[in-house]
Amino acid sequence: MEIFRQFAESGSQNGGLVEMLGIDWQMLLFQIVAFLVMLGLLAKFVYPWLIKSVDDRQKRIEDGLKSSEKAQAEAANAEKRIAKLLASANKEAGEIIAAAKAEASETLLATEEKSRQLADKITKTAREQIDNDILIAKNALHNEMVDLVITATEKVTSRIVTDKVNNDLVEKAVKEAKRN
Amino acid sequence: MEYLAEIHLEIDIAAKPIFWLGNFGVTNAMLTGLVGGGLVLGALLYVGNMVRHKKYNRFVGLVQWVFEGLLKQIDEIIPDRKLARKITPLASTIFFLVMINYWLSVLPGLDTIKINGVPILRSPTADLNFVLALAAVTVVAIQMYATKYLGIFGNIGRYVRNPLKDPVGWFEGTLEIVGEFSRGGSLALRLFGNAFAGEILLLVITILTSYFAVVTLPIFIVFEMMIGFIQAYVFFVLTLIFTSLAVSHGEEHNHPQSDHSPVISTNAITEVMK
């Protein structure tokens, strides 16, 4: 209540609401001019630089974002390229492996064929050798048998014959033997 | 209670002159305002110079951070980027000046250090001359921007319409004229009321809590600083909204569904008023 009383007293003493509220036109004008001077100084020397710094910063951020998006797009493209290359490499590797397998198979077949031929050759040679050996053995056996026949004939006949008769007899015996 | 009864609290709505320069009385609010204005001017010139030379420190970073926030707000409220950049100096200066001057009211010595019985410390935001000056500059600036944006006749067309052809528009125009004065008055009186009440609040708390004021006063000082920030922000945002309203008026008829239609702006005003 004291405040209201002072307010009322002040109003009645000074005579006007404007004066009571302390509104002074000179002061008001001074405040306006002072503010405008200050605003002019700040608008000239401060705000352009502050606005520029904020704009530059925003531009840097936007550029960074753009670069980031570009990098992401490039990374995605690179990934696609890598995937494509991997697929291509896999395909190529598959083809190489298939070709290698085919070649290996062919090589194996060729080797088997060669081995088989070699084995056949060895077998053939061995057979020929065996045949030869058999023939030699047969001849040796023939000679030995001839000697045995001669000896046996000598013992059986117990008579002495000439070499010519002897040989005729032997050959005759052999021919009979062969015939039998 | 006797202690309280003995107290005679003198509260002056008007700022009191400390000394006279001829017929011009230099008031306590004016002196504090000069200090506040000097602080703002000095700090911003320093920051501007540092930014210009690409030298940065924590203080420069803090001011830049605040300014960036203000600029973002301006860009959001003002539809035209070019106009937004033009109004930035006015709106930002109002914000910094009001906030710093409001904060000066919480300096120790409020109503205790006196010359010839007049306290030397009084926040200019608690002086009607200062707040009316700010409001007057704001209202005139808004009119200038509106004239530049809508043209002279376009701006006059907001207020003056033929009552025979468009009686509703004529009534609306009349309300607009009243609205311009009420907006200016509300800008000034809201700030004055808060600052003045804040100073009285600090005085009353000091007296009521006596020696405990060392404990209670800091709480209210922080509270007052927060109110100072809010009031500066409200003045700043209302300046932008009123400008946005003024320049978007012409588009109201052409593009009623535009993003910055007066309906949206009026809602924004209502939000700020709350």
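Letters A, B, ... are given to chains in the order of the sequence lines, protein chains preceding strands, and every chain is numbered from 1. Note that these values count all heavy atoms, side chains included, but never hydrogens, waters or copies made by symmetry.
Note: A:Y47 and B:F67 have parallel aromatic rings, judged against thresholds of 30 and 60 degrees for the angle between ring planes.
The candidate with the highest count of non-hydrogen atom pairs below 4.5 Å against chain B, out of A:V33, A:L36, A:I23, is A:I23. Chain B forms the most heavy-atom pairs under 4.5 Å with one residue out of A:M38, A:Q58, A:Q26, and that residue is A:M38. The candidate with the highest count of non-hydrogen atom pairs below 4.5 Å against chain A, out of B:V40, B:N49, B:V137, is B:V137. Counting heavy-atom pairs closer than 4.5 Å to chain A, the top residue among B:L90, B:I94, B:V47, B:D127 is B:L90.
Heavy atoms of A:L29 lying under 4.5 Å from chain B are absent altogether. Only the side chain of B:F96 comes within contact range of chain A, with at least one heavy atom under 4.5 Å from a heavy atom of that chain.
Between the B:S244 side chain and the B:L240 main chain, no donor and acceptor come within less than 3.5 Å of each other.
Residues A:D55 and B:R85 are paired through a salt bridge, judged by an N-O separation under 4.0 Å between the basic side chain and the carboxylate. A salt bridge links B:R183 to B:E180: one of the charged nitrogens lies within less than 4.0 Å of a carboxylate oxygen.
Every residue two or more places apart in sequence or in another chain was checked for a ring pair (Phe, Tyr, Trp, His ring centres under 6.0 Å) with B:F220, and none qualifies.
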